[in-house]
Amino acid sequence: MPPFTTLLPKAAAAAATGSATTTTTTTTTTSAKSAVLLLGWMDGKYKNVEKYASFYLERGHPVVLGLSTWKNVFLGGGKQVAADAAPALEAAGALDPKKGGTIVHAFSNGGVVTLDQILKHLPETTTPSRTLALRALILDSAPGRPTVTSAVNAMTVSIRSTIARAVARAVVRAVFYAWIAVRWMCVALRIPVEPLVVAEAARKVLGLPKGGGRGSTRPEAAAVPFTKAPKLFLYSREDALVLSEHVEEYIERAKEAEAAVAAAEKEQAGSGVVSRVHAKRFDGSGHVRHAVDFPKEYWGAVDAFLKTVD
């Protein structure tokens, strides 16, 4: 299975292929609806991520389904990710400036990092150079502030054997502590180190100012389109991998950045700007399981949010 696949609504697929039943194609779509980029959680299987595409296909949106892996999240390779994504995005019309931007529905920190890689490297992997304009951003179980425990759980959650999982967790935990120790040594010796990948990716896709603290100055000019893009956060108190308090911290930071940009552009009109940052918290669902455990509430929140975008 390729890392990125284009799924077209039946009407668009039929027009492109001459078949009334085809829903998957690499032929460029002529659909008038905005494309949707679905970015799965780290090492999420195609068959599981694909289930989320039906909602959008039924409403006439072409969908690009992208998978994220632990390798592209932790080892980089963003240029290859963007190169793999480019043909599927082109086929879905996601790179057409006339479409008004792409709706991104990303899952967990893996989806956030993959989105950041695409945004960063797409211009250098396409000829002529293309960019991905963000129409709206939906984040499921993300973003989180990684801890050693959450990182270990994320990398071993797919191991079914209890004994093998326990061994793997011990090994991964040791590696992470060694990595943290090296970073602290670099800081102490004033050796430059790269920002933590998830934190930096989340900052960029949300359009937050540099510095990471609350009450920071407004974002730089290049980040403003991401700051102003409508956002929906879907998260849960019971999520053991991405804690609800971390998501809520990002929600507040997104609202603060949005307000700072609005004030600078004199959009407040005296009584404040209406925030386009939305959130839905679920009680009882685990990591990326909100749509599974609460389908009516989940898709109801997504549908209501998309109506505000249109």
Side-chain angles (χ1 to χ4, degrees), residues 1 3-10 23-24 33-69 73 92 102-115 134-144 150 153-154 157-158 202 205-206 229-248 250-251 254 277-310:
M1 183 62 64
F4 290 87
T5 305
T6 306
L7 305 173
L8 300 184
K10 289 185 177 180
T23 57
T24 304
K33 290 290 190 75
S34 297
V36 174
L37 175 58
L38 277 179
L39 294 174
W41 53 96
M42 188 173 68
D43 290 335
K45 296 184 182 299
Y46 178 92
K47 65 178 183 180
N48 294 328
V49 182
E50 185 187 23
K51 295 175 182 177
Y52 290 83
S54 299
F55 173 86
Y56 296 105
L57 293 172
E58 290 169 359
R59 287 158 178 77
H61 294 276
V63 173
V64 174
L65 192 156
L67 303 178
S68 65
T69 68
V73 172
T102 298
I103 298 167
V104 177
H105 192 146
F107 299 84
S108 193
N109 288 334
V112 171
V113 171
T114 303
L115 173 58
L134 193 64
R135 182 175 178 83
L137 178 61
I138 301 171
L139 294 176
D140 183 319
S141 305
S150 65
N153 289 340
V157 68
S158 62
V205 304
L206 292 174
K231 301 173 183 67
L232 172 63
F233 294 82
L234 303 162
Y235 66 105
S236 168
R237 282 180 171 176
E238 282 69 33
D239 192 331
L241 299 184
V242 173
L243 303 183
S244 60
E245 52 263 39
H246 294 171
V247 178
E248 288 167 352
Y250 274 109
I251 292 171
V277 179
H278 306 264
K280 171 66 176 178
R281 188 185 68 197
F282 298 89
D283 294 320
S285 50
H287 190 64
V288 297
R289 285 195 56 86
H290 319 313
V292 176
D293 295 336
F294 303 102
K296 183 177 180 180
E297 293 87 343
Y298 185 95
W299 292 115
V302 172
D303 189 46
F305 169 70
L306 293 179
K307 289 177 180 176
T308 70
V309 173
D310 296 334

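For the single chain, residues carry numbers from 1 onward in sequence order.
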Chemist: Are Glu50 and Leu65 packed together at the side-chain level, in the sense that at least one heavy-atom pair is separated by less than 4.5 angstrom?
Modeler: yes
Chemist: What residue among Phe305, Phe294, Phe55 forms ring pair (Phe, Tyr, Trp, His ring centres under 6.0 Å) with Trp299?
Modeler: Phe55
Chemist: Distance check, rounded to the nearest 0.5 Å: Asp140 atom CG versus Asp239 atom CG?
Modeler: 9.0 Å
Chemist: What's the separation between atom CG in Leu134 and atom OG1 in Thr102, rounded to the nearest 0.5 Å?
Modeler: 8.0 Å
Chemist: Please name the residue in the list His246, Glu248, His290, Lys280 that meets the side chain to side chain donor-acceptor pair (under 3.5 Å) test with Tyr235.
Modeler: Glu248
Chemist: Between Tyr298 and Val292, is a side-chain contact (heavy atoms from CB on, under 4.5 Å) present by the stated rule, with each step listed?
Modeler: CA-CA 9 Å; Tyr298 185 95; Val292 176; over 6 Å; no
Chemist: Mark yes or no for whether Ser236, through its side chain, and Ser285, through its backbone, hold a donor-acceptor pair below 3.5 Å.
Modeler: yes
Chemist: Could you go through the side-chain contact (heavy atoms from CB on, under 4.5 Å) check for Tyr52 and Val36 one step at a time?
Modeler: CA-CA 11 Å; Tyr52 290 83; Val36 174; over 6 Å; no
Chemist: Got a donor-acceptor contact below 3.5 angstrom from the Ser68 side chain to the Gly40 backbone?
Modeler: yes
Chemist: I'd like to know whether Tyr56 forms a side-chain contact (heavy atoms from CB on, under 4.5 Å) with Leu7, so could you lay out the CA-CA distance, the side-chain angles of the two residues, the decisive distance to 0.1 Å, and finally the verdict.
Modeler: CA-CA 10 Å; Tyr56 296 105; Leu7 305 173; over 6 Å; no
Chemist: Applying side-chain contact (heavy atoms from CB on, under 4.5 Å), run through Thr308 and His278 and close with a yes or a no.
Modeler: CA-CA 10 Å; Thr308 70; His278 306 264; 4.1 Å; yes
Chemist: Kindly say whether Val288 contributes a backbone atom to a donor-acceptor pair with the side chain of Ser141 at under 3.5 angstrom?
Modeler: yes
Chemist: Any heavy-atom pair between the side chains of Leu39 and Phe4 that's under 4.5 Å?
Modeler: yes
Chemist: Report yes if the side chains of Arg59 and Asp303 come closer than 4.5 Å at any heavy-atom pair, otherwise no.
Modeler: yes
Chemist: Any side-chain to backbone donor/acceptor pair from His61 onto Ser34? Under 3.5 Å, distance only.
Modeler: yes
Chemist: Count the heavy atoms of every other residue, nucleotide or ligand shown that sit under 6.0 Å from CZ of Arg237, and state whether that count exceeds 12.
Modeler: no
Chemist: For the residue pair Ser108 and His287, establish whether any side-chain heavy-atom pair is separated by less than 4.5 Å.
Modeler: yes
Chemist: When you measure from the side chain of Glu238 to the backbone N and O of Gly284, does any donor-acceptor pair fall under 3.5 Å?
Modeler: yes
Chemist: For residues Asn109 and Val73, determine if any side-chain heavy atom of one lies less than 4.5 Å from a side-chain heavy atom of the other.
Modeler: no
Chemist: Are Leu206 and Pro143 packed together at the side-chain level, in the sense that at least one heavy-atom pair is separated by less than 4.5 angstrom?
Modeler: yes
